[in-house]
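What's counted below: heavy atoms across the whole structure, side chains too, no hydrogens, waters or symmetry copies. Chain naming here is simple, since letters A, B, ... match the order of the sequence lines and numbering starts at 1 in each.
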There are 4 protein chains.
Amino acid sequence: MTGATTPARGRKRSEQTRLAILTAAYELTTEVGYPDLTIEGIAARAGAGKQTVYRWWPTKADVLLEALALKADLKVSTADQGSFDAELDAFLRDSAALMAFPGVVPVLRSLMAEAQRDADFRRRFQDGFLIKRRAAFETIVERAAARGDKPAHLTAAFAADLVFGLIWYRVLATERLLGQDDITAIRRLLNEHPGEE
Amino acid sequence: MTGATTPARGRKRSEQTRLAILTAAYELTTEVGYPDLTIEGIAARAGAGKQTVYRWWPTKADVLLEALALKADLKVSTADQGSFDAELDAFLRDSAALMAFPGVVPVLRSLMAEAQRDADFRRRFQDGFLIKRRAAFETIVERAAARGDKPAHLTAAFAADLVFGLIWYRVLATERLLGQDDITAIRRLLNEHPGEE
Amino acid sequence: MTGATTPARGRKRSEQTRLAILTAAYELTTEVGYPDLTIEGIAARAGAGKQTVYRWWPTKADVLLEALALKADLKVSTADQGSFDAELDAFLRDSAALMAFPGVVPVLRSLMAEAQRDADFRRRFQDGFLIKRRAAFETIVERAAARGDKPAHLTAAFAADLVFGLIWYRVLATERLLGQDDITAIRRLLNEHPGEE
Amino acid sequence: MTGATTPARGRKRSEQTRLAILTAAYELTTEVGYPDLTIEGIAARAGAGKQTVYRWWPTKADVLLEALALKADLKVSTADQGSFDAELDAFLRDSAALMAFPGVVPVLRSLMAEAQRDADFRRRFQDGFLIKRRAAFETIVERAAARGDKPAHLTAAFAADLVFGLIWYRVLATERLLGQDDITAIRRLLNEHPGEE
DNA sequence: AACTAAGCGAGACGGTACGTCGCGTCTTGCA
DNA sequence: TGCAAGACGCGACGTACCGTCTCGCTTAGTT
């Protein structure tokens, strides 16, 4: 049971409006950029009232966070591929693919930026995005450990910090996105000499 | 000569006002947070006119970037310490020390966030902060390479991406700042099996 | 029969809800004032839905107009008292008594104000309130004329304008309500030299 | 001396903008009516910012009150004309003329309506309009008293209540404005038999 | 010493988005 | 069909800052 909430009186939330708002937010971000994205603009483009936006999302960043899930495939493969290296490769390719979706990189930048400004959104962004992806990665490392496949001295947490650090640093601080050479370099780094001496 | 500008007629820029503005900006950021930092607020707190702020800085982020240099020691040791590992250790300790300055972490977060929103400021932030620190780190790696001290397969650029990635990821995406254990882990990672072929 | 409407299908109008709405409107007006009186507020206080209010009254002013009849005694004595002066006295006392009902003066002010803004309500207010009271007064004057009791040069309409003008002006433009001295002054004015030619 | 206010620093108020706002308010009222008059609309029509309106006037009614003085001739003749009746006649003609100005009657209705809703504006309306006109009228009556020209039993205050009551009642509660016959009737009423017995 | 530029604090200006509030309409499900 | 609940499109509210623009004053050189 999901709680004894009152049995849903009154008019129901319009799914059509919800989608119109999410789409409008995503498109507007790519068109005018996040700083010029406004709740007013989202509502106007979606043919919705401002109140309707405010009723369901606390900030424009939250709209965008939900829109991201609607527009881009956020799934990360964590299937057992037999070896740590193969799973790592799959994970990194998935990540690169996500960022190749049109509009995703600017949205990610904007959300991370917003997370620096708004402590409440920071938490929602961590819970709704960062932690999920991190958990997927850590699953891989832990399976590798169970398999005896993992380099020594490499905790799952530290490996995650390294990998996500690299990805995010590239996005936030440089203009160089993750390429095949980077994937190769990471795989070599994390696989080197799994504590054999 | 950097241009034959007319030899400074009229009243000179007030250094006192400049410092008052930088101090006001830094303090206000720690007090109310970057999003609630306003040019109006800075000017009022500094006892200055808005025009004076706009005359010398394009955005509030630029004021803060300059204030950071005023308030915190941005120097990084790049002195030759004989070994890559020793210099790496010194560099990481310097970095951790910078972030221990009161108010520095919130300011760094805010500047990086602003760099995601404002493409012009992004460039100024990269040139005025990110690239400088990166150059210092790369100097260390290159000296190690010259010394034959550097791990194989590790370019200076990739090492820098890894290290700064880790540092920034911790600041931006988590609440865990760089600790002694992290420094140890990085040193081990970057020193492992130096050039075994 | 007033029309061959289908003989009332479905649920009947709830008298209880009607009274709850009228009472809520009246009380809210005295508590927060007419400008802050809202349909939403009335419905909420009455435990009714907004739709129910809109179904039966076009505007909040109309609710209040009906509530006035519920809360205050709107009856004016027009009984034949033998003389114009006696009937005038009774009429003026009734009027003063009405305005002594708690909450009546603010409501009258609000309704008259609304009548200036909304042409449709203006008509309903005139028909449902102003004209009725005016008719009562003119009845008195006309009976006086029939009796030979009426001052010369005094038409019923002009006398009504004078009397209602005085009463309303006091309410709308001053803080001085009608007192005994005013009643005396009016009686003297309207009775002076009755038909001396 | 008009007070030791600080000696006017900063940019001065723009008289041009002030007039544009007053004109816009007056015109909009005649075009869309007072209820649909909005500060936003006034500012937009005047080519001004909303803040500029709010800086100088507390409510739209105050804008209109000041606009009235700009647009209509509010002067009332109180010159000594030798007799009470002549001065009364002049006063009533002036009043009728004011209300013949295009747009004045709707504005007066709106201001009086607003004075019923907003206690603060009520005071400003009384001080800035009602009391001034009343004072003019009472001057006339008092001069008549000094001249021995005034009817007995007629105080200046009561006469003012009667006259302004009639005028306002006509405007607020009826569609019949003050005409020549009304002026005649009032003159007769206030002049009749000046207490000669 | 008089003149001429700036720089400066102050603050009014035209804008624009904010987040809130109430409007009047429209489901939705129960009586 | 009436009704309570409540989501919806809409649009004005009054506020907050934006970045620009006078103002009058101060502070330097330049004549």
Margin query: Go nucleotide by nucleotide along DNA chain F from the 5' end; which of A:A48 and C:G49 gets its closest nucleotide reached first?
Written below: C:G49
Margin query: Judged by each residue's nearest nucleotide on DNA chain F, which is more toward the 5′ side, C:R13 or D:P58?
Written below: C:R13
Side-chain N or O of [X] closer than 4.0 Å to phosphate OP1/OP2 of [N]:
| X | N | value |
| --- | --- | --- |
| A:W56 | F:dC8 | yes |
| B:T17 | E:dG9 | yes |
| B:T52 | E:dG9 | yes |
| A:K12 | E:dG29 | yes |
| A:R55 | F:dC8 | yes |

Margin query: Here's a test of your reading of the structure: between C:D36 and D:S14, which maps to the more 5' nucleotide of DNA chain E?
Written below: D:S14
Check: Which sits closer to the 5' end of DNA chain E, B:I21 or C:L37, going by the nucleotide each is nearest to?
Finding: B:I21
Rounded to whole Å, how long is the line connecting atom [atom1] of [X] with atom [atom2] of [N]?
| X | N | atom1 | atom2 | value |
| --- | --- | --- | --- | --- |
| A:Y54 | F:dG6 | OH | P | 23 Å |
| A:I42 | E:dG19 | CD1 | C1' | 14 Å |
| D:Q16 | E:dA12 | CD | P | 17 Å |
| B:K60 | F:dC17 | NZ | P | 10 Å |
| B:R9 | F:dT31 | CZ | C1' | 9 Å |
| D:R45 | E:dG14 | CZ | P | 16 Å |
| B:I39 | F:dC18 | CD1 | C1' | 9 Å |
| B:D118 | F:dG19 | CG | C1' | 15 Å |

Under the 3.5 Å rule, do the base of [N] and the side chain of [X] count as making a donor-acceptor pair?
| X | N | result |
| --- | --- | --- |
| C:K50 | E:dG24 | yes |
| A:Q51 | F:dA7 | no |
| D:R11 | F:dC21 | yes |

Notebook entry, point to check: B:W56 ring centre to B:R13 NZ or CZ under 6.0 Å, with the angle to the axis within 45°?
Noted result: yes
Margin query: What's C:G47 touching, base or sugar-phosphate or nothing? Going by heavy atoms closer than 4.0 Å.
Written below: sugar-phosphate
Check: Taking the side chain as C-beta and beyond, is there a heavy-atom pair between C:L64 and C:Y34 under 4.5 Å?
Finding: yes
Notebook entry, point to check: Are any side-chain N or O atoms of C:T23 and backbone N or O atoms of C:A20, one a donor and one an acceptor, separated by less than 3.5 Å?
Noted result: no
Notebook entry, point to check: Is the backbone N or O of A:A43 less than 3.5 Å from a side-chain atom of A:K50, with the two atoms forming a donor-acceptor pair by type?
Noted result: no
Next item on the list: State which of F:dC3, F:dC21, E:dG22 makes the closest approach to the side chain of C:T38.
Entry: E:dG22
Check: More than 12 heavy atoms of other residues, nucleotides or ligands under 6.0 Å from CD of D:Q16: is that the case?
Finding: no
Check: Is the shortest distance from a Lys or Arg side-chain nitrogen in B:E66 or B:K71 to a carboxylate oxygen in the other one below 4.0 Å?
Finding: no
